[in-house]
Amino acid sequence: MKAAPFAYVRPTRLEDAVNELAGSDGGGKVLAGGQSLVPVLAMRLARPEKLVDITTVEGLDQLRSTGDSLEVAAMVRQRRVEHDRATDSVPLLRMALPWVGHRELRSRGTVCGSLAHADPAAEIPAVAACLNARITLTSPRGTRQVPAREFFTGAMTTALGSEDILTAIRFPVATDGEGFGFAEIARRHGDFALAGVAVRVAVSGERVREATLTAFGVSDRPVTRDVSTELASAVSASGQDGVRLAARLPEPLADIAQGMVDTDGDAHGSRDYRRRLFVTLSGRELAKAHDRALRGINGDNP
Ligand SMILES: Cc1cc2nc3c(=O)[nH]c(=O)nc-3n(C[C@H](O)[C@H](O)[C@H](O)COP(=O)(O)OP(=O)(O)OC[C@H]3O[C@@H](n4cnc5c(N)ncnc54)[C@H](O)[C@@H]3O)c2cc1C
């Protein structure tokens with residue numbers, strides 16, 4: 001099948017891109033890396049009247065550290081972020097990127113495109129939600145910031161209006177006393193996750209200050225919970241021993257799974273199976289993130 005006919009524009013200035021999108025009265029679509037949109041067009045799941053290709057818009061290829069955040073503009077490809085040293089400042093993003101599809105796909109796909117597409121099983125939206133990154137939207141009325149936890153409103157549905165371009169995301173950089181964890185289970189590496197978790201733990205000395213758990217692939221959007229109470233009580237019962245901690249966490253996490261994992265399930269895994277995956281993955285990753293926070297090490301998985 002071929003895409004239905006559409007008009008195509010390739011502006012070089014953001015102002016022109018915004019006006020082109022707004023001028024299409026809701027019938028326009030932004031084209032970034034094309035890794036999700038082009039298959040959707042080819043299968044005629046969408047029939048936009050106009051594509052606004054933003055690949056040559058000046059300034060949208062910036063990846064920069066701004067002190068307390070890492071800013072990724074709309075046309076920065078996933079693979080560039082994966083390999084840029086600046087990404088060391090956001091360890092959770094570095095951990096997640098190799099799980100996004102395949103290398104070839106990441107060479108074209110953009111970080112912001114993944115956010116705009118908002119697949120419930122996608123990795124980058126989960127990282128954004130866990131860190132509550134700030135998303136910048138630009139329309140003819142100006143720019144506005146949306147916290148990532150408010151951006152995803154349902155399956156493949158976001159706070160983006162028909163006139164909005166997602167121009168950048170700012171991930172907060174990690175600070176001392178923070179540790180992170182990320183894991184997912186997919187049938188084959190590169191497939192969308194059956195269940196996955198992104199975790200952030202912050203400690204003050206040996207005390208758990210904050211623990212945030214985001215699940216993906218198990219609901220219609222990334223789901224985030226504060227689990228500091230559960231982690232702190234598991235730590236006080238098991239001491240600083242990571243193995244004992246990981247063994248103690250599944251019990252409180254099983255209760256949390258009831259609320260966080262609400263997918264109907266499909267041919268690849270029932271809801272109960274995904275709940276079990278979620279409990280196992282989140283117990284392990286919370287224990288690892290806690291250990292990393294205490295040791296101040298957020299490099300590759302030990
Ligand atoms: C075989 C295959 C496997 C994949 N596996 C995974 C996976 O495991 N994990 C995963 O997370 N993803 C996966 N993907 C999706 C991939 O990550 C895409 O790159 C990503 O979802 C979209 O990024 P893109 O830049 O290609 O966006 P596009 O395809 O260009 O656009 C996607 C959608 O977002 C909108 N959009 C894009 N950029 C903007 C913007 N700046 N402002 C407003 N709207 C915008 C478009 O209008 C469109 O609706 C897979 C894709 C394929 C084809």
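Whatever order the structure lists them in is the order used to number ligands and atoms, beginning at 1.
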List ligand 1 atoms under 4.0 Å from G109, heavy atoms only on the residue side.
19 (O), 25 (O), 26 (O)
re atom 53 (C) of ligand 1, the protein heavy-atom contact at minimum distance is Q35 O, 3.3 Å
Report the nearest protein non-hydrogen atom to atom 43 (C) of ligand 1: residue, atom name, distance rounded to 0.1 Å.
L166 N, 3.6 Å
Closer than 4.0 Å to some heavy atom of A74 - which atoms of ligand 1 meet that?
41 (N)
Residue R77 excluded, over 12 heavy atoms near CZ under 6.0 Å:
yes
Any nitrogen or oxygen of A32, main chain or side chain, under 3.5 Å from a nitrogen or oxygen of ligand 1?
yes
What protein heavy atom is closest to atom 16 (C) of ligand 1, reported as residue, atom name and distance in Å?
L105 CD2, 3.4 Å
Atom 20 (C) of ligand 1: which protein heavy atom is closest, and how many Å away?
S36 OG, 3.5 Å
Go through ligand 1 atom by atom and flag the ones less than 4.0 Å from a non-hydrogen atom of I165.
42 (N)
Is L115 near ligand 1, meaning one of its heavy atoms is under 4.0 Å from it?
no
So if I count the atoms of ligand 1 from 1 in the order they appear, which ones are less than 4.0 Å from some heavy atom of I54?
41 (N)
Check whether any N or O atom of G33, backbone or side chain, sits under 3.5 Å from an N or O atom of ligand 1, and answer yes or no.
yes
What's the shortest distance from atom 34 (O) of ligand 1 to any protein heavy atom, and which residue and atom give it?
A116 CB, 3.5 Å
Answer yes or no for V100: is there a heavy-atom contact with ligand 1 below 4.0 Å?
yes
With a 4.0 Å cut-off on heavy atoms, is Q78 touching ligand 1?
yes
Is the number of heavy atoms from other residues, nucleotides or ligands under 6.0 Å of R209 CZ greater than 12?
yes
When you measure from atom 13 (C) of ligand 1 to every protein heavy atom, which one gives the shortest distance, and what is it?
F192 CZ, 3.2 Å
What part of V38, side chain from CB on, backbone N/CA/C/O, both or neither, has a heavy atom under 4.0 Å from ligand 1?
neither
Number the atoms of ligand 1 from 1 as they appear, then name those within less than 4.0 Å of a heavy atom of D191, with their elements.
8 (O)
What protein heavy atom is closest to atom 39 (C) of ligand 1, reported as residue, atom name and distance in Å?
V30 CG1, 3.6 Å
Can you find a non-hydrogen atom of I124 under 4.0 Å from ligand 1?
no
List the closest protein heavy-atom neighbour of atom 8 (O) of ligand 1: residue, atom name, distance to the nearest 0.1 Å.
G101 N, 3.0 Å
Counting only heavy atoms, tell me which of L37, T138, L31, T110 gets closest to atom 31 (O) of ligand 1.
L37
Are there more than 12 heavy atoms of other residues, nucleotides or ligands under 6.0 Å from atom CD of Q258?
yes
